[in-house]
Amino acid sequence: AHQMSGMFGLVVAGRLVQTDFRIVSDREAVIEIPDADSINHIVLFLTGACRFPEGMGGSVYIRWPDGNGASNWHLLGSISNEKPSVIFKVAQLKKASGSSENMFSNHMEAISHGSAQLGIQVESLQVERTAAEGTAAEKQSTLMEMGWKIARWAVHHAESFAVSVPSGEGRSVDVVPLSAMHEWLSTFGRRFQQNPNFWRSLNYS
């Protein structure tokens, strides 16, 4: 069993550090955050007391009490030895319905009135999960990755159609026919309609 005691620290913006995580299984830890309505940004970090096992990291979830006892967990993102501190903007998730119903359910205790809970699940870094829409960290990193991959793909496509044209004084310049870019745009549109997340499998980094 992986010993997670003392491994994590949590700061809710404007409050003192919390480190009282409850280890509920050999790969799950939860912490209660009082006064859930005033939570806006949270910072989760590794204290340095111990590291994740090689190739492992932590998926980070949050839930608010909904009065019906439903789990309602939202995936925020991940934390790892390579990314030992993360910040999440969580305020707008309070009213959204969670996507992970059975997280930590075997070990859950009732949430105190007005509190939220943060859960960390240790798993392989190879497991890809999609963070709840709207978390600042998820939005920024995903948009950067998507924009860069699509731009690189477009340039790579254009390069394969480039022809050298004399530009005077013995020089030449590479020119790409406009039809090549129209073809790329058509391909992009078709693939995007079929699967808006197709860009994740592009090998341009």
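The chain is numbered in sequence order, starting from 1.
Between the side chain of His157 and the backbone N or O of Met181 there is no donor-acceptor pair closer than 3.5 Å. Judged by distance alone, with hydrogens and angles left aside, the side-chain atoms of Asp174 form no donor-acceptor pair with the main-chain N or O of Ala162 at under 3.5 Å. Proximity of a side-chain donor or acceptor of Ser186 to a complementary backbone N or O of His182 within less than 3.5 Å is not detected. Side-chain atoms of Thr47 come within 3.5 Å of backbone N or O of Gly6 as a donor-acceptor pair.
Between Leu75 and Val60 there is no side-chain heavy-atom pair separated by less than 4.5 Å. A 4.5 Å side-chain heavy-atom check between Ile79 and Phe52 finds at least one atom pair inside the cut-off. By the 4.5 Å heavy-atom criterion applied to side chains, Phe8 and Ile31 are not counted as neighbours. Using a 4.5 Å heavy-atom cutoff, the side chains of Ile87 and His41 are in contact. Considering only heavy atoms from C-beta on, Phe45 comes within 4.5 Å of Val11 through its side chain. The closest side-chain heavy-atom distance from Thr19 to Val17 is below 4.5 Å. Contact of the Leu76 side chain with the Leu118 side chain is registered, since non-hydrogen atoms from C-beta on lie closer than 4.5 Å. The shortest side-chain heavy-atom distance between Pro166 and Arg171 does not fall under the 4.5 Å cut-off.
In plain terms, the two heavy atoms of Ala29 and Phe21 that are nearest each other are CB-CD2, 4.3 Å. In this structure, Gly58 and Ile120 approach most closely via the heavy-atom pair CA-CG2, 4.0 Å. The minimum heavy-atom distance linking Gln18 with Glu32 is given by the pair NE2-O, 2.9 Å. Smallest separation of non-hydrogen atoms from Arg15 and Ile33: NH1-CG2, 3.7 Å. Taking every heavy atom of both residues into account, Ala36 and Ala116 meet most closely at CB-N, 3.6 Å. Residue Phe161 comes nearest to Pro177 through the heavy atom pair O-CD, 3.5 Å, listed as atom of the first residue, atom of the second, then distance.
Between the side chains of Glu123 and Ser59, at least one donor-acceptor pair of N or O atoms lies under 3.5 Å.
Ring pair Tyr61/Trp73 is perpendicular by interplanar angle, where above 60° counts as perpendicular and below 30° as parallel.
Within the hydrophobic cluster formed by Ile, Leu, Val, Met, Phe, Trp and Tyr side chains joined at under 4.5 Å, directly or through other members, Leu16 stands alone, with no partner residue. Summarising the hydrophobic clusters (Ile, Leu, Val, Met, Phe, Trp, Tyr; side-chain heavy atoms under 4.5 Å, direct or chained), the residues clustered with Val173 are Val163, Val165, Val175.
Phe198 meets the side chain to side chain contact (heavy atoms under 4.5 Å, CB included) test with Trp153, Phe188, Arg191, Phe192, Asn195, Leu202; sequence neighbours excluded.
Taken to the nearest 0.5 Å, the NZ atom of Lys149 stands 14.0 Å off from the NE2 atom of His156. Atom CG of Leu185 is separated from atom CZ of Arg190 by 11.0 Å, given to the nearest 0.5 angstrom.
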Would Leu125 and Met56 count as a side chain to side chain contact (heavy atoms under 4.5 Å, CB included) here? Give the steps. CA-CA 5 Å; Leu125 291 173; Met56 304 292 278; 5.6 Å; no
